[in-house]
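First comes the structure, then the notes that go with it.
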Amino acid sequence: VSVEATSNGPVEPTVTHVTFRLKASLAHRALAIDLVSTLVDHVKTADRSFNHAITTAFGEAFNNIVIHGYRDRTDGMLDVEAELSLDHMTLRLIDDGEHADLSSVPSPNLDGMPEGGLGIFMIRALVDEVVYSSGTPNVLSLTKRT
Amino acid sequence: MKCTRTDNDSETRLELEGALDALTAPEIRPVFDKVVSDARRRVTVDVAKVTMIDSSGIGAIVSLFKRVKADGGQVLVVGARDQPLAVFKLLKLDRVFGL
């Protein structure tokens with residue numbers, strides 16, 4: 001894992017950027033989530049529910065990249081760019097795996113207690129903005145505001 | 001992820017500890033499968049020590065719930081708090097599981 005941080009003010013930064021890069025493997029899932037959770041501590045108006053929501057959404061996105069994007073590959077890498085301010089957090093997950101088509105994923109019927117197909121629904125429900133740009137690389141941007 | 005199974009008469013208690021996610025859910029499923037194959041009718045899943053759950057973990061518990069119920073049994077989930085409780089509520093499973 002490599003980490004780099006920059007901010008726009010020497011004393012009281014209003015926006016801080018942190019990037020980290022790690023192998024796209026489920027074995028690194030807990031570490032990646034711990035890193036995001038630590039970053040949430042620097043969003044000063046974020047509470048516990050904010051932390052739960054963004055780490056859960058990030059975890060689902062991480063799963064999708066590892067399981068679907070890098071299916072049959074063990075050399076995949078994931079870059080994460082985090083933008084932090086007093087009242088929001090944006091996470092950009094950048095990968096060069098297979099493209100996803102988020103628009104084709106149907107909403108689950110929760111009354112039927114589905115056993116799968118919940119990840120995209122959870123991501124959309126837990127953050128304020130989801131933007132996906134497929135290409136080389138693919139970029140999934142998740143934004144949550146306090 | 002650690003799973004401790006305790007059988008007491010007709011009730012089975014499964015105490016989970018750690019993260020129940022895409023990495024660990026495949027490890028836990030055989031334990032759940034054995035509970036189903038043993039035809040246990042009253043199953044309690046204690047998630048008080050689950051630190052985080054994702055859709056894969058939810059899928060494992062829902063699968064257990066459906067199979068035990070199909071055999072005429074009942075699954076209760078107890079002890080959920082923090083992130084796991086938020087996920088159960090998001091997926092409208094809190095009432096189904098008796099939380």
Side-chain angles (χ1 to χ4, degrees), chain A residues 22-38 40 46-71 76 78 105-127 144, chain B residues 1-2 16-29 32-33 36 43 45 47 49-71 73-77 80-99:
Chain A
L22 73 173
K23 189 171 181 179
S25 157
L26 290 179
H28 289 88
R29 185 180 189 279
L31 171 62
I33 289 174
D34 284 348
L35 288 169
V36 170
S37 182
T38 297
V40 173
D47 58 12
R48 287 171 69 85
S49 69
F50 182 102
N51 193 324
H52 294 157
I54 191 104
T55 54
T56 303
F58 173 80
E60 294 299 330
F62 186 96
N63 289 351
N64 286 343
I65 290 168
V66 173
I67 296 170
H68 302 297
Y70 284 127
R71 182 176 45 205
L78 173 66
V105 180
S107 293
N109 173 16
L110 297 182
D111 293 334
M113 296 181 70
E115 297 174 32
L118 295 167
I120 300 300
F121 166 80
M122 290 170 66
I123 292 170
R124 288 183 173 136
L126 290 167
V127 299
K144 187 163 184 65
Chain B
M1 164 57 59
K2 181 179 173 186
L16 307 182
E17 186 172 348
L20 183 55
D21 58 20
L23 180 65
T24 61
E27 302 169 6
I28 295 300
R29 280 187 178 267
F32 289 1
D33 292 345
V36 174
V43 180
V45 182
V47 297
K49 295 179 181 173
V50 172
T51 53
M52 184 159 213
I53 194 166
D54 71 0
S55 58
S56 299
I58 290 291
I61 294 177
V62 168
S63 172
L64 172 68
F65 177 93
K66 287 182 170 179
R67 288 182 291 163
V68 170
K69 188 177 179 186
D71 276 348
Q74 180 186 31
V75 174
L76 288 178
V77 178
R81 56 192 173 87
D82 290 336
Q83 189 268 354
L85 180 59
V87 173
F88 286 127
K89 286 182 175 178
L90 174 68
L91 300 176
K92 299 182 179 177
L93 292 169
D94 49 327
R95 290 185 183 175
V96 179
F97 288 156
L99 288 164

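In the text below, chain A, chain B and the rest are named by the order of the sequence lines, each starting its count at 1.
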Kindly indicate whether the side chain of Leu91(B), heavy atoms from C-beta on, has any atom under 4.5 Å from the side chain of Met122(A).
-> yes
Criterion side chain to side chain contact (heavy atoms under 4.5 Å, CB included) on His52(A) and Val87(B), from CA distance to verdict = CA-CA 9 Å; His52(A) 294 157; Val87(B) 173; over 6 Å; no
Tell me, side chain or backbone of [X] under 4.5 Å from chain B's heavy atoms, or both, or neither?
| X | result |
| --- | --- |
| Phe121(A) | side chain |
| Pro114(A) | backbone |
| Ala53(A) | neither |
| Ser25(A) | neither |

CE of Met52(B) to OG of Ser37(A): how many Å apart, nearest 0.5 Å?
->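 Reported to 0.5 Å precision, the distance equals 8.0 Å.
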Enter the distance from Met113(A):CE to Ser63(B):OG here, rounded to the nearest 0.5 Å.
-> 10.0 Å
Tell me, for [X] versus chain A, whether the close heavy atoms (under 4.5 Å) come from the side chain, the backbone, both or neither.
| X | result |
| --- | --- |
| Ile58(B) | side chain |
| Leu93(B) | side chain |
| Ala22(B) | both |

Looking at Ser55(B), Ala60(B), Gly59(B), Ala86(B), which has the largest count of heavy-atom pairs under 4.5 Å with chain A?
->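 Highest number of pairs under 4.5 Å: Ser55(B).
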Under 3.5 Å: donor-acceptor pair, side chain of Lys66(B), backbone of Glu115(A) |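 A pair under 3.5 Å: no.
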Please report the closest heavy-atom contact between Ala125(A) and Leu90(B), naming both atoms and the distance.
->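 Where Ala125(A) meets Leu90(B) most closely, the heavy atoms are CB-CD1, 3.6 Å.
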Just one of Thr56(A), Asn63(A), Ile33(A) clears the side-chain contact (heavy atoms from CB on, under 4.5 Å) bar with Asp54(B), so which one?
->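 By the side-chain contact (heavy atoms from CB on, under 4.5 Å) criterion, Asp54(B) pairs with just one of Thr56(A), Asn63(A), Ile33(A): Asn63(A).
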